[in-house]
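For reference, the structure I am asking about is given below.
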Amino acid sequence: MLVSISVYFNSLYNKFTFDDIHIVENNSLIKGPKNIFQLFAKEYWASTSYETQDSKLYRPLIVISYLLTHTFFGGKPFWFHFGNVLFHSANVLLVFLICKYLLTFFYRQNGFNTAAFFCGLFFAVHPIHVEVVAGIVGRSELLAGFFCILAFYFYLREKIIISLLTFFCGLLSKETAVAFLVFVILYEFVFKSRLSKNILGYLTVFVAYLIIKFFAIGGLTPKGSEIFFQNENLPTRIFTMSKVFVYYIKLLFIPYPLNPDWGLSNVISISQTFFEPFVILSFIALAAVFFAAYKTIKTNPIFTFSILWFFAFLIPVSNILPIGDLMAERFLYIPSFGFCLFAGDLIHRNKKLLKIAPLILIIFSFITVKQNTVWKNNISLWTYTTSKFPKNWRAFWELGKCYRTEKNADETIKHFKKSIAIRETDLVLYDLAVELRKKGDCHSAIEQMNKLIGIDKRSAKAYLERAKCYGHIGDYKNAVSDFQTAALLSPKDDNIFYEAGRFYILRGNLSSAKNNFEKATELNGKNANALVGVGVCFYHKKNFKIAKNYFSAALRIDSQNTEAMYNLIVVNVSLGNKEEARSLLEKYKNLNPDDPKISKRYEGLGGL
């Protein structure tokens, strides 16, 4: 445990990265202890910007662990990283204990402390685990692994009730824990030559989990577009994944290079035929491994067990049923237990390896410590990925978004363009157009939107963005046309009507502006900006009291809305409510201390 804490110590000071930002940092559900019971009825991505993707992921124990961390220690990333390191250290201890038990069980003798110790050490420092431990959202793998290994330990000790409970907890941590059921069936078939009645208990737990999940979140399988093999047939998936499985084995022995985003890095290509050389070689390699495992069931049962464990726990991510990614290092966290057991047994069988193993562990530790720095923040993460895997379009996009957060428009645009040069995607084309418009290059922005509409003619947001660009360059006719098209494509999107209202009010068309702002508020009564827009329309018509009501309503929804606050100051001045205006101006000054309009307003109120 001390070794695992040591190699991950420098990860404790990392920031939130990648999906951590959505699932943890910006997730309102984990910021209130009263939400704890609600989480059993929420999808994993609930209350995040990806909630609408209909992922049907159900991991309540993971989100509850984030809620408890936030409740007791606050929202700083240190404590979430600390939790991950502790969970991994607990798994290391568990790996040591179960390896010792398995070695004793299969060899029917004692004296395996050293072999089990090396099993634990390999699990503690293996660089393949960095994504899981250093990335906070990797906690789903950590807890699912903990409960699955623990469930098997209690299964071996014939404490079936406890094993069933821990298996259920594994399923509530991550759906891939279903692999434990597959493994137990294979284990009994291979080592016991028959299936026990215990299998029925595990099946019952799994069915109960499916029923609970269905009624909790309204479904079992994802319906969104984040499915990697969505348009590929089963043979194509099998041919491609055969290469992935061989690459996984390579990464366990030679964990270099490591990649936070394998699926889009073009390292493993899609294979649509068996007669591709790498597919044939992969099938031969995998067949050799399975044959060796079969032939050594009696002479080297640990090897057979390791192979069974490794491949059983890869089944849920094998894309037999398409999932959200081609391959990922996090998918190897639980399967790697099989590799570590194999390594410990190999050292036990060949004492000469006792001299080499420490050197390998030192090298692995060095790689792990260094790889932790990659996950320091989003810029370091995606800078590393773009440098190591320059064909990954998403990495350049993500790096561009990092610079956008830093308000570095030039770097943002540069990396978005690099992403598009690799692959033109609607996501990046849209983001690039927005940045170009903000920088004043509306003609180039329109070019990007034309490409996007060529890809997806029903993209309402593309027409909306192009309308805003046309508005900036004074092309009134095309702007109106695109606003209307966007509204037809997405008639319940309040933002479309809000933006159309802004377009009309800037051109003095108060009637059309008011109609669009009011439509936006009808669709979404909490759209504070639309309420401000209606208020501005009434203000220009000299209906100050009605305007004030709308500005006040906007502030009740969003107390930090500076547009609502400033306009409320202005309308109060117009109504002669100078004291109220002065009080609001003080609040506005705190929110916008550098706004040049402040001094002008103070003068209008008779100075300080």
Side-chain angles (χ1 to χ4, degrees), residues 18-19 44-45 53 55-59 62 91 126 128-133 135 137-149 167 170-186 206 209-210 213 220-222 224-230 232-252 255 258-265 267-271 282 286 289-290 306-340 394:
F18 204 13
D19 288 341
Y44 182 60
W45 289 96
Q53 288 188 349
S55 68
K56 291 294 182 285
L57 297 180
Y58 185 58
R59 303 172 186 175
I62 303 304
N91 284 341
H126 203 296
I128 207 71
H129 297 158
V130 171
E131 178 183 355
V132 169
V133 184
V137 294
R139 189 171 298 184
S140 57
E141 304 287 347
L142 293 166
L143 280 183
F146 175 80
F147 287 121
C148 285
I149 297 172
F167 172 48
L171 290 169
L172 294 179
S173 299
K174 191 173 184 181
E175 53 286 335
T176 53
V178 66
F180 177 76
L181 171 60
V182 177
F183 173 76
V184 172
I185 293 172
L186 292 173
F206 178 58
Y209 158 76
L210 291 178
K213 176 180 178 180
L220 299 176
T221 56
S225 60
E226 289 293 308
I227 299 177
F228 192 85
F229 280 111
Q230 191 174 30
E232 304 292 349
N233 57 31
L234 181 60
T236 295
R237 300 199 298 272
I238 292 174
F239 299 148
T240 304
M241 292 307 296
S242 68
K243 298 189 295 182
V244 172
F245 279 14
V246 171
Y247 204 91
Y248 278 152
I249 295 171
K250 174 262 175 189
L251 284 174
L252 289 173
L258 297 173
N259 187 352
D261 193 22
W262 282 105
L264 297 173
S265 294
V267 175
I268 304 292
S269 60
I270 301 296
S271 299
S282 297
L286 293 173
V289 170
F290 291 136
S306 299
I307 296 302
L308 277 183
W309 181 280
F310 178 75
F311 284 102
F313 278 91
L314 281 179
I315 288 175
V317 294
S318 65
N319 278 293
I320 293 173
L321 296 175
I323 60 172
D325 217 336
L326 171 68
M327 64 182 290
E329 289 157 23
R330 63 184 179 276
F331 294 160
L332 284 175
Y333 186 77
I334 304 176
S336 69
F337 166 67
F339 168 81
C340 296
R394 181 163 67 180

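Keep in mind the model is a prediction, meaning the values are calculated, not measured.
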Please enumerate all residues that pass side chain to side chain contact (heavy atoms under 4.5 Å, CB included) together with T176, with sequence neighbours excluded.
K174, P316, V317

Excluding sequence neighbours, so at least two apart, what forms ring pair (Phe, Tyr, Trp, His ring centres under 6.0 Å) with Y333?
H88, F123, H129

Quick one: pull up CG in L252 and SG in C340 and give me the separation to the nearest 0.5 Å.
8.0 Å

So, taking the atom named CD1 in I62 and the one named OH in Y44, what distance separates them when rounded to the nearest 0.5 Å?
7.0 Å

Do you know which of F146, W309, F183 makes ring-ring contact (aromatic ring centres under 6.0 Å, His included) with F337?
W309

Taking side-chain hydrogen bond (donor to acceptor under 3.5 Å, both in side chains) as the definition, give me every residue that meets it alongside Y58, ordered by chain and number, with sequence neighbours left out.
none

Partner set under salt bridge (charged side-chain N to carboxylate O under 4.0 Å, His left out) for E175, not counting sequence neighbours
R59

Measuring from atom SG of C148 to atom CG of L181, what distance do you get when rounded to the nearest 0.5 angstrom?
10.5 Å

Can you name the nearest heavy-atom pair linking Y209 to L171, along with the distance?
CE1-O, 3.5 Å

Would you call the rings of F311 and F245 parallel, tilted or perpendicular, where under 30° means parallel and over 60° means perpendicular?
tilted

Partners meeting side chain to side chain contact (heavy atoms under 4.5 Å, CB included) with V246 (sequence neighbours left out)
S282, A285, L286

Between S269 and K243, is a side chain to side chain contact (heavy atoms under 4.5 Å, CB included) present by the stated rule, with each step listed?
CA-CA 9 Å; S269 60; K243 298 189 295 182; 3.1 Å; yes

Would the distance check show the side chain of N319 and the main-chain N or O of D325 forming a donor-acceptor pair, the cut-off being under 3.5 Å?
yes

With sequence neighbours left out, the residues meeting ring pair (Phe, Tyr, Trp, His ring centres under 6.0 Å) with F167 are F180, Y202

The criterion is side-chain hydrogen bond (donor to acceptor under 3.5 Å, both in side chains); which residues satisfy it with W262, sequence neighbours excluded?
E329

For M327 and L251, the nearest pair of non-hydrogen atoms, with its separation, is CE-CD1, 4.4 Å

Partners of L220 by side chain to side chain contact (heavy atoms under 4.5 Å, CB included), sequence neighbours excluded?
L210, K213, F214

For L186 and A312, the nearest pair of non-hydrogen atoms, with its separation, is CD1-CB, 4.2 Å

For L321, is the CG atom crowded, meaning more than 12 foreign heavy atoms sit under 6.0 Å from it?
no

Tightest non-hydrogen contact, residues N91 and G145, listed as OD1-C, 4.4 Å

Sorted by chain and residue number, the side-chain hydrogen bond (donor to acceptor under 3.5 Å, both in side chains) partners of N259 (sequence neighbours excluded) come out as S265

Minimal non-hydrogen separation, A144 against I334, with atom names:
C-CD1, 3.9 Å

Among residues at least two apart in sequence or on other chains, which ones pass ring pair (Phe, Tyr, Trp, His ring centres under 6.0 Å) with F339?
H126, F253

By ring pair (Phe, Tyr, Trp, His ring centres under 6.0 Å), which residues pair with F18, not counting sequence neighbours?
W382

Using atom types as modelled and distance alone, determine if a side-chain donor or acceptor of R237 lies under 3.5 Å from a backbone N or O of I320.
yes

For S242, all residues meeting side-chain hydrogen bond (donor to acceptor under 3.5 Å, both in side chains), sequence neighbours excluded:
none

Donor-acceptor contact present, side-chain S306 to main-chain G338, <3.5 Å
yes

In this structure, which one of L314, L326, V267 forms a side-chain contact (heavy atoms from CB on, under 4.5 Å) with V244?
L326

Minimal heavy-atom distance between A179 and F313, with the atoms involved, is CB-CD2, 3.5 Å

Using side chain to side chain contact (heavy atoms under 4.5 Å, CB included), reason through F310 and L332 one step at a time and then give a plain yes or no.
CA-CA 8 Å; F310 178 75; L332 284 175; 3.8 Å; yes

